[in-house]
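Remarks on the structure that follows.
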Amino acid sequence: LFTFRDMIQSGCTPDVVIYNTLISGLCCNGKLDKAAELLDELINGECAPNARTYNALIHGCLKAGNADRALTTYQQMLDNGCNPDTVTYNTLIDWLCKEGKTDEALRLLEEMSGRRCDPDTYTYTTLIHGLFKAGKHDIALSTFTRMMKMGCNPDVVTYNMFIDSLCKEGKIDKALELLEGMTAMGCDPDTRTYNALIHSFLQAARTDMALSTFARMMEKGCSPSTATYNGLIGWLCKDGKTDKALELLQEMTGRGCYPDTRTYTTLIHGFFKAGRADMARSTLTRMKENGCSPNLVTYCTLIDGLCKGGKPDIALELVEEMIRGVGDPDIRMYTSLIDGFFQADRADMALSTFKRIVDKGCNPD
RNA sequence: GGAGUUGUCUAGGCCG
């Protein structure tokens with residue numbers, strides 16, 4: 001933004017592309033107010049915002065969980081005579097699907113056709129994914145048929161979505177058939193395709209298949225990602241093999257897959273499960289040293305583990321650190337914290353945590 | 001002519 005202001009100072013006129021870039025960047029960082037200010041600046045200025053401007057802001061609002069603001073922005077778009085495009089609809093359809101409102105999402109699909117706004121592969125993939133998650137298999141399949149009829153070809157993301165959906169329903173063999181199918185259709189599987197399968201095999205305790213899928217992935221020249229390793233580390237941790245998990249942590253770094261918040265959280269959970277609370281705590285230190293920020297899930301894992309392990313005092317310290325570092329947990333997380341303190345026979349801590357909720361103006365449920 | 005917006009994989013606790 002400073003560079004941006006300098007640019008204006010020195011007589012350079014920013015165009016809509018610059019504004020869009022800034023707005024989407026601000027949205028990524030959750031700075032919706034600043035982004036909205038830029039939109040106003042654009043509306044009041046001489047170069048008009050376009051669909052991409054609104055799309056970026058609508059998406060930013062939805063990602064931040066602020067649906068009202070997203071809809072207001074959408075209305076503003078319509079009022080200002082800017083026509084929603086396929087991306088606008090895709091963004092809204094994705095949001096509706098994630099809210100479980102697949103009927104409304106389907107209505108938007110109809111609206112698109114009426115407005116000569118052609119649904120694309122994103123539209124259908126998003127919708128089918130939402131329908132699968134809602135358990136509406138028939139409609140998912142008829143939507144797929146419709147997609148094909150409209151001449152819209154599935155891409156690697158569409159196949160990945162199908163493969164993962166099948167895996168999650170325990171239909172791994174059907175998923176494997178689709179793996180062959182996509183290749184036959186000239187669509188090469190990517191890292192996520194294999195990740196979905198490997199994870200599913202691990203869940204199903206079919207270790208041999210998981211490892212052979214991993215080998216196949218490498219053979220095909222597909223590199224494992226951080227998510228691949230996270231899945232493997234999680235499987236080792238569930239099995240109590242935390243030392244092996246640490247070896248994988250080394251290996252992944254060597255292969256350019258950098259551990260992320262999930263990697264460390266998985267390890268922390270594994271260490272508690274294996275009764276190694278000290279290692280769990282030093283993993284927190286290690287992750288911070290490596291520039292990886294703990295999030296609410298990380299803290300909840302630690303706090304729960306410490307409470308169950310009879311160390312509620314340290315847990316309470318972490319509650320403070322968490323609130324300072326990543327903000328307030330929501331009501332459900334507070335509930336489980338309180339539960340943890342009771343489990344550790346520390347009613348006093350449970351009550352003081354409860355008091356915090358009330359003081360924060362957050363309603364206990 | 002170029003640039004900016006949307007979909008798929010992996011972690012924890014409480015309650016159902």
Side-chain angles (χ1 to χ4, degrees), chain A residues 15-25 27-28 49-60 62-63 85-95 97-98 119-130 132-133 154-165 167-168 189-200 202-203 224-235 237-238 257 259-270 272-273 294-305 307-308 329-340 342-343 365:
Chain A
D15 63 2
V16 66
V17 175
I18 304 277
Y19 273 99
N20 291 352
T21 309
L22 283 167
I23 287 174
S24 100
C27 284
C28 272
N50 58 21
R52 292 184 185 224
T53 320
Y54 290 103
N55 291 344
L57 194 51
I58 291 170
H59 180 240
L62 292 175
K63 220 173 60 170
D85 62 8
T86 301
V87 172
T88 318
Y89 279 103
N90 290 351
T91 306
L92 293 173
I93 286 174
D94 183 48
W95 164 62
C97 284
K98 294 205 161 100
D120 61 8
T121 307
Y122 281 72
T123 320
Y124 289 112
T125 304
T126 305
L127 254 172
I128 295 169
H129 185 215
F132 255 112
K133 270 199 305 197
D155 63 9
V156 64
V157 176
T158 315
Y159 282 110
N160 287 351
M161 179 276 299
F162 271 119
I163 286 175
D164 183 57
S165 297
C167 284
K168 292 209 162 79
D190 66 9
T191 301
R192 292 190 187 203
T193 320
Y194 292 109
N195 285 354
L197 288 163
I198 292 169
H199 184 251
S200 183
L202 291 174
Q203 293 285 320
S225 63
T226 296
T228 317
Y229 281 104
N230 287 353
L232 291 168
I233 288 174
W235 162 67
C237 284
K238 277 202 182 74
C257 297
D260 61 10
T261 304
R262 288 188 187 220
T263 318
Y264 291 112
T265 304
T266 307
L267 275 166
I268 289 170
H269 185 240
F272 277 123
K273 206 165 166 278
N295 62 14
L296 282 175
V297 178
T298 316
Y299 281 113
C300 282
T301 307
L302 280 156
I303 292 164
D304 176 67
C307 283
K308 286 184 176 145
D330 66 15
I331 191 68
R332 296 167 79 85
M333 288 183 180
Y334 263 128
T335 308
S336 73
L337 291 185
I338 291 173
D339 182 73
F342 274 123
Q343 282 187 49
D365 60 7

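Labels below follow one simple rule: chain letters A, B, ... track the order of the sequence lines, proteins then strands, and each chain is numbered from 1.
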Do the side chain of Asp339(A) and the base of rC14(B) come within less than 3.5 angstrom through a donor-acceptor pair of N or O atoms?
no
What's Thr123(A) touching, base or sugar-phosphate or nothing? Going by heavy atoms closer than 4.0 Å.
nothing
Distance check, rounded to the nearest 0.5 Å: His199(A) atom NE2 versus Arg192(A) atom CZ?
14.5 Å
Between Lys98(A) and rU8(B), does any side-chain N or O lie under 4.0 Å from OP1 or OP2?
yes
Can you check the Asp190(A) CG to rC9(B) C1' distance for me, whole Å?
9 Å
Under 4.0 Å, heavy atoms only, any strand: does Thr265(A) hit a base, just the sugar-phosphate, or nothing?
base
Using Watson-Crick or G-U wobble pairs with both distances under 3.5 Å, give me RNA chain B in dot-bracket, 5' to 3', with [ ] for crossers and | for pairs to another strand.
................
Can you tell me whether the side chain of Asp155(A) and the base of rG7(B) have a donor-acceptor pair closer than 3.5 Å?
yes
Roughly, in whole Å, what's the span from CG in Leu197(A) to C1' in rC9(B)?
10 Å
Given rU5(B), rC14(B), rU6(B), which nucleotide is nearest the side-chain atoms of Ser336(A)?
rC14(B)
Nearest-neighbour nucleotide for the Asn55(A) side chain, rU5(B), rU10(B), rG7(B) considered:
rU5(B)
Rounded to whole angstrom units, what separation is found between the CZ atom of Phe162(A) and the C1' atom of rG7(B)?
13 Å
Looking across every strand, which nucleic acid part, if any, lies under 4.0 Å from Thr121(A) by heavy atom: base, sugar-phosphate, or nothing?
base
Is there a donor-acceptor contact under 3.5 Å linking the side chains of Thr158(A) and Thr125(A)?
yes
For the CE atom of Met161(A) and the CG atom of Asp155(A), what is their distance to the nearest 0.5 Å?
9.5 Å
Give the nucleotide from the list rG7(B), rU10(B), rG12(B) with an atom nearest to the side chain of Lys238(A).
rG12(B)
Taking atom CZ of Arg262(A) and atom OG1 of Thr226(A), what is their separation to the nearest 0.5 Å?
11.5 Å
Here the distance between atom C1' of rU5(B) and atom CG of Leu22(A), to the nearest Å, is 14 Å
Take the protein atom NE2 of His129(A) and the nucleotide atom C1' of rU6(B), then report the distance between them rounded to whole Å.
15 Å
Between Ser225(A) and Asn195(A): side-chain donor-acceptor atoms closer than 3.5 Å:
yes
How about Thr86(A) and Asp120(A): does a side-chain donor come under 3.5 Å of a side-chain acceptor?
no
Would you mind reading off the distance between Tyr124(A) atom OH and rU6(B) atom C1', rounded to a whole angstrom?
16 Å
Any idea which of rG12(B), rC9(B), rU5(B) is nearest the Ala56(A) side chain?
rU5(B)
Determine whether the side chains of Thr301(A) and Thr298(A) contain a donor N or O and an acceptor N or O closer than 3.5 Å.
no
Of the listed nucleotides (rG7(B), rC14(B), rC9(B)), which one gets closest to any side-chain atom of Thr125(A)?
rG7(B)
Distance check needed: rG12(B) P versus Arg262(A) CZ, whole Å only.
9 Å
With sequence neighbours left out, the residues meeting ring-ring contact (aromatic ring centres under 6.0 Å, His included) with Tyr124(A) are none
Within the structure, does a side-chain N or O atom of Lys133(A) lie under 4.0 Å from either OP1 or OP2 of rG7(B)?
no
Rounded to the nearest angstrom, tell me the gap between atom CG in Asp260(A) and atom C1' in rU10(B).
8 Å
Within the structure, does a side-chain N or O atom of Lys168(A) lie under 4.0 Å from either OP1 or OP2 of rU10(B)?
yes
